[in-house]
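Ligands are counted one by one from 1 in listed order, and the atoms in each one are counted from 1 as well.
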Amino acid sequence: MREDHSGCSKTSGRCQQGYSLMLRNRAPQTIAAANGIGKDAAFGSVTPPLYLSTTFTFDGFNRPRAYDYTRAGNPTRDLLADTLAQLEAGAGAVVVSSGMAAIDLTLGCLEPGDLIVAPHDCYAGTWRLLTMRQAKQQFDVVFIDFADDAALKLALARAPKRVLIETPSNPLMRVVDIRKIAVQAKAAGAKVIVDNTFLSPALQQPIRLGADFVVHSTTKFLNGHSDVVGGVVVAASQKDAEELTVWANTIGVTGAPFDAYLTLRGVRTLFVRVERQERTAAAISTFLNTHPAVTAVHYPGLPSHPGHEIAKSQQTGFGAMLSFEIAGGVDGVRRFVESLEVFTLAESLGGIESLVAHPATMTHASMSQEARLVAGISESLLRLSVGLENEADLLADLARALQAV
Ligand SMILES: *Cc1c(COP(=O)(O)O)cnc(C)c1O
């Protein structure tokens with residue numbers, strides 16, 4: 001790292017010389033909308049420039065500047081990292097090429113025999129990553145139901161190195177108490193990672209609740225336009241942030257500058273998008289909850305949801321994701337998705353467009369059937385990512401498709 005030469009931390013993008021673009025100590029909405037705006041020293045460009053260059057000139061012999069090579073550090077990527085670190089109340093962030101790369105990065109410095117505790121109903125890609133690395137003996141994993149206090153206690157008695165939490169979980173929207181788990185995990189000597197993809201820092205800031213790391217698939221709400229695959233790890237401590245920065249450069253998973261530029265453009269509107277999407281999701285959850293063809297609705301905003309009180313205590317909103325189960329089995333599911341016109345049948349989430357997914361055949365197909373059943377993911381389960389379309393149009397679309405069930 002070049003910090004010694006330049007006075008520039010590549011972890012956070014905070015530089016003493018040349019590139020001091022960052023807003024500090026403002027409300028999150030202001031950081032999202034305006035971090036780095038109007039600071040271009042060269043031409044006064046209001047929008048921060050996109051630096052695509054892979055390499056940077058030396059000032060002279062043995063005189064590197066703040067940046068030398070884009071895998072190691074890049075001004076556009078660092079501005080995004082700084083923005084996300086501030087939004088998550090972390091000490092620093094590393095922007096990487098996907099959400100999976102972000103999760104893998106937090107586990108890269110574990111050793112054979114080290115244990116990870118993970119949720120039994122985690123994102124299927126996470127489940128695959130953990131089980132495939134475990135099969136190579138790179139670390140051990142135990143999957144538990146975090147709502148089961150006894151199971152958590154047993155797992156923590158095995159002195160894990162990392163505890164991975166996903167709340168609300170994908171796709172069942174289960175909510176677990178981050179504060180409580182973080183206290184117990186730390187007492188057991190483990191560092192806590194929270195996958196905050198489903199809510200974004202606009203609605204939940206896990207570091208403030210005791211997490212050591214927050215990971216995101218920035219592909220989802222943070223970019224918000226379904227046109228970039230990316231990820232980020234935010235660390236609570238400067239030391240962890242620096243260590244991850246070294247690892248990300250060493251293994252070469254840092255994100256592309258153009259992707260960082262687009263993602264920052266998405267982050268500018270994060271708060272208004274999430275606010276509106278959440279409002280529509282709440283209306284949809286209420287509609288589905290009383291519909292005769294719907295057998296269950298999983299949305300933490302419903303007072304009947306088992307995680308409603310915990311969600312209220314640690315989230316500032318209930319989010320734009322929900323799932324539900326319909327009558328009529330797989331045939332009912334097929335008739336339903338084939339009747340939708342406004343919702344699009346596709347994986348992923350958090351974009352401006354509303355999507356419907358069938359976890360058993362789509363997002364969670366890479367999970368074994370046994371694991372799916374243990375996690376409670378039935379063939380009748382559908383997941384919605386609510387976008388920015390007109391609320392009445394979305395409700396009418398669902399009403400018509402449910403008639404076909
Ligand atoms: C999408 C997703 C990931 C993986 O992110 P990619 O950007 O697709 O690699 C991880 N966790 C959750 C909760 C996700 O939704």
Side-chain angles (χ1 to χ4, degrees), residues 80 84 88 93-108 116 118-133 143 146 162-176 178 192-204 206 211 213-234 248 251 253-256 259-260 262-263 266-267 274 277 281 298 300 315 319-323 346-351 353 355-359 362-367 375 377 381 383-387:
L80 174 64
L84 297 179
E88 286 288 6
V94 188
V95 170
V96 293
S97 54
S98 70
M100 291 323 306
I103 294 168
D104 203 36
L105 186 62
T106 63
L107 308 175
I116 302 164
H120 69 320
D121 58 344
C122 63
Y123 176 71
T126 304
W127 184 87
R128 179 175 53 196
L129 170 72
L130 295 176
T131 49
M132 284 178 72
R133 288 221 179 275
F143 292 100
F146 277 98
R162 295 281 186 278
V163 170
L164 174 65
I165 304 174
E166 244 184 75
T167 180
S169 70
N170 179 18
L172 284 164
M173 307 303 297
R174 293 188 179 125
V175 175
V176 295
I178 298 177
V192 175
I193 307 162
V194 177
D195 185 333
N196 202 24
T197 299
F198 260 43
L199 287 176
S200 92
L203 299 180
Q204 177 170 270
F213 301 101
V214 172
V215 293
H216 278 281
S217 167
T218 57
T219 315
K220 314 294 169 53
F221 286 99
L222 286 168
N223 178 60
H225 293 74
S226 305
D227 52 9
V228 177
V229 172
V232 70
V233 184
V234 182
I251 60 181
V253 290
T254 47
D259 290 353
L262 283 177
T263 303
V267 168
V274 167
Q277 287 169 246
H298 310 286
Q315 304 172 197
M321 296 299 301
L322 63 113
S323 58
E347 294 182 357
S348 201
L349 59 112
E353 74 291 336
L355 299 178
V356 59
H358 182 234
M362 296 168 70
T363 52
H364 288 63
S366 60
M367 217 165 164
I377 301 167
L381 184 76
R383 189 188 76 185
L384 300 182
S385 173
V386 178

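- Checking side-chain atoms of Ser97 against main-chain N and O of Thr254 turns up no donor-acceptor pair under 3.5 Å.
- Which parts of ligand 1 touch Thr219 is read off a 4.0 Å heavy-atom cut-off, strictly below it: atoms 7 (O).
- Closest approach of Val229 and Thr219 over heavy atoms only: CA-OG1, 3.4 Å.
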(request) Given side chain to side chain contact (heavy atoms under 4.5 Å, CB included), test Thr218 with Asp259 step by step and report yes or no. (result) CA-CA 10 Å; Thr218 57; Asp259 290 353; over 6 Å; no
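- Distances between N or O atoms of Glu166 and those of ligand 1 include no value under 3.5 Å.
- When all heavy atoms are compared, the tightest approach of His120 to Phe143 is CA-CB, 4.0 Å.
- For Pro171 against Ser323, the heavy-atom pair with the smallest separation is O-OG, 2.7 Å.
- Under a 4.0 Å criterion applied to the non-hydrogen atoms of Leu349, ligand 1 contributes the atoms 15 (O).
- Not a single donor-acceptor pair under 3.5 Å links the side chain of Glu166 to the backbone N or O of Pro119.
- Residue contact annotation: Gly230 has a non-hydrogen atom under 4.0 Å from ligand 1.
- The protein heavy-atom contact nearest to atom 3 (C) of ligand 1 is Tyr123 CE2, 3.4 Å.
- Where the criterion is an N or O separation shorter than 3.5 Å, residue side chain and backbone included, Phe198 fails it with respect to ligand 1.
- Scanning the protein heavy atoms around atom 2 (C) of ligand 1, the nearest turns out to be Lys220 NZ, 2.5 Å.
- Atom CZ in Arg383 sits 7.0 Å away from atom NE2 in His364 (nearest 0.5 Å).
- When the options Ser97, Pro171, Gly99, Gly125 are ranked by their closest heavy atom to atom 6 (P) of ligand 1, first place goes to Gly99.
- Proximity of Val215 to ligand 1, defined as any heavy-atom pair under 4.0 Å, is not found for any part of the residue.
- When Asn170, Asp195, Thr126 are checked for heavy-atom proximity to atom 12 (C) of ligand 1, Asp195 turns out nearest.
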